[in-house]
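What follows is a short report on a single structure.
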Amino acid sequence: MNIILFGPPGAGKGTQAKMLCEKYNLLHLSTGEILRDEIRKNSELGKSVKEIIESGKLVSDEIIIKILNLAMENNKKDSLSGYLFDGFPRNIDQANLLSDLLDSLKLKIDCILLIEVDEPILLERILSRKKFEGRSDDNKETLISRIQVYSEETEPLIDHYSSNHAIKRIDGVGEISEVNQRINTALEGF
Ligand code: ADP
């Protein structure tokens with residue numbers, strides 16, 4: 001089973017992705033997490049994307065597809081049941097790149113999950129999570145830019161996919177376990 005997880009920053013994608021990957025034995029491919037790892041390691045790649053991430057803009061598609069290919073290559077395991085794309089694709093060009101990539105692997109997207117949370121709650125969540133996670137892109141100014149990029153570039157992908165894919169809208173407000181339960185219910189039958 002291959003899943004794309006959509007949702008605005010602060011929707012809880014990362015948390016839910018981890019739970020889903022464990023339950024369904026999927027490889028968690030979070031482009032944001034991979035980039036943050038590179039920044040922590042202070043690699044050349046990390047240094048080249050730090051400023052862009054801190055401004056809330058998107059890293060180039062070229063870098064994204066490169067890190068994604070590498071992560072898939074390095075984590076190949078026969079025991080995997082599929083992939084969970086978290087934070088990718090984020091614009092139409094990335095959606096086309098993903099489609100080519102999946103075609104070349106003879107794979108397809110089985111389900112698209114969209115975690116929905118209203119903007120005031122997103123702001124509240126992210127500004128309080130900053131205290132314990134310390135992400136340098138979790139400040140009000142960057143967050144406003146991230147939300148704007150999401151609504152301009154990423155949200156239109158929902159329409160793009162809706163003609164050919166099952167899109168499950170998940171209410172992302174509530175306890176982590178409640179949201180997880182909603183996702184599991186949505187995935188029943190897959
Ligand atoms: P969130 O969804 O909370 O914004 P992510 O961890 O998915 O968090 O992304 C953090 C940042 O990493 C983004 O604001 C962007 O700068 C960069 N990034 C992550 N994924 C992509 C992507 N697919 N394309 C371009 N930039 C990305």
Side-chain angles (χ1 to χ4, degrees), residues 2-21 27-41 43 45-72 83-102 109 112-158 160-161 170 172-173 176 179 183:
N2 300 303
I3 299 177
I4 301 178
L5 189 56
F6 282 119
K13 296 186 297 292
T15 310
Q16 295 299 332
K18 288 193 179 76
M19 296 165 94
L20 270 175
C21 286
L27 178 63
H28 183 195
L29 291 166
S30 163
T31 43
E33 249 178 47
I34 298 170
L35 293 169
R36 277 190 292 283
D37 257 3
E38 294 295 325
I39 293 177
R40 265 193 295 270
K41 287 191 286 193
S43 66
L45 175 70
K47 283 189 244 175
S48 73
V49 298
K50 189 170 188 289
E51 217 172 285
I52 304 171
I53 291 186
E54 288 178 357
S55 73
K57 300 210 180 76
L58 294 184
V59 169
S60 74
D61 295 344
E62 199 187 348
I63 290 182
I64 294 297
I65 199 74
K66 194 167 110 190
I67 59 168
L68 194 71
N69 270 319
L70 263 179
M72 288 172 85
Y83 298 102
L84 190 152
F85 298 94
D86 163 9
F88 174 88
R90 253 179 158 91
N91 58 31
I92 190 75
D93 288 338
Q94 291 185 12
N96 291 330
L97 287 168
L98 177 61
S99 162
D100 292 346
L101 175 68
L102 292 176
I109 293 298
I112 294 181
L113 296 169
L114 169 60
I115 305 184
E116 298 181 301
V117 175
D118 287 341
E119 195 168 321
I121 303 179
L122 297 175
L123 280 165
E124 202 180 289
R125 277 189 188 175
I126 291 203
L127 298 177
S128 68
R129 123 178 141 185
K130 180 168 182 63
K131 293 188 195 102
F132 47 95
E133 285 187 13
R135 265 175 65 170
S136 59
D137 60 345
D138 277 353
N139 57 70
K140 197 163 183 185
E141 204 179 294
T142 305
L143 185 58
I144 288 169
S145 156
R146 281 157 63 200
I147 292 176
Q148 191 183 349
V149 171
Y150 179 78
S151 60
E152 285 172 7
E153 301 200 39
T154 311
E155 245 181 347
L157 294 183
I158 305 299
H160 167 83
Y161 280 110
I170 309 292
V173 181
I176 289 173
V179 178
I183 294 179

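In each ligand, atom 1 is the first atom listed, and ligand 1 is the first ligand listed. Just so it is clear, the structure is predicted and the values come from calculations on it, not from any experiment.
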Taking only heavy atoms of [X] into account, list the atoms of ligand 1 that are under 4.0 Å away from them.
| X | answer |
| --- | --- |
| Asp137 | 10 (C) |
| Pro9 | 1 (P), 2 (O), 3 (O), 4 (O) |
| Lys13 | 2 (O) |
| Gly32 | 5 (P), 6 (O), 9 (O), 19 (C), 20 (N) |

Close side-chain approach of Ile112 to Phe6, heavy-atom, < 4.5 Å: yes

Non-hydrogen side-chain atoms of Leu114 and Ile158 separated by less than 4.5 Å: yes

salt_bridge(Glu62, Lys66) N-O dist < 4.0 Å: no

Presence of salt bridge, Asp138 and Arg146, under 4.0 angstrom: yes

Within-shell test, Lys50 vs ligand 1, heavy atom, strictly < 4.0 Å: no

Does ligand 1 have a heavy atom under 4.0 Å from the side chain of [X], from its backbone, from both, or from neither?
| X | value |
| --- | --- |
| Lys57 | backbone |
| Leu35 | side chain |
| Val59 | both |
| Arg135 | side chain |
| Asn91 | neither |

Residues forming a salt bridge (Lys or Arg N to Asp or Glu O under 4.0 Å) with Lys18, sequence neighbours excluded: Glu33

Test salt bridge (Lys or Arg N to Asp or Glu O under 4.0 Å) applied to Glu116 - qualifying residues, sequence neighbours left out: Arg169

Greater than 12 external heavy atoms within 6.0 Å of Lys140's NZ: no

CD1 (Ile176) with more than 12 external heavy atoms under 6.0 Å: no

Check: Pro8 N/O within less than 3.5 Å of ligand 1 N/O: no

Sub-3.5 Å N/O-N/O distance, Ser30 and ligand 1: no

Checking a contact table here: which protein heavy atom is nearest [atom], and how many Å away?
| atom | answer |
| --- | --- |
| atom 20 (N) of ligand 1 | Thr31 OG1, 2.7 Å |
| atom 14 (O) of ligand 1 | Arg146 CG, 3.7 Å |
| atom 19 (C) of ligand 1 | Arg90 NH1, 3.4 Å |

Modelled atom types, side-chain donor and acceptor of Thr142 and Asn139, under 3.5 Å: yes

Option set Arg129, Glu33, Gln94, Arg36, criterion heavy-atom distance to atom 6 (O) of ligand 1, minimum: Arg36

Which atom of Gly7 lies closest to which atom of Lys13, heavy atoms considered: O-NZ, 2.9 Å

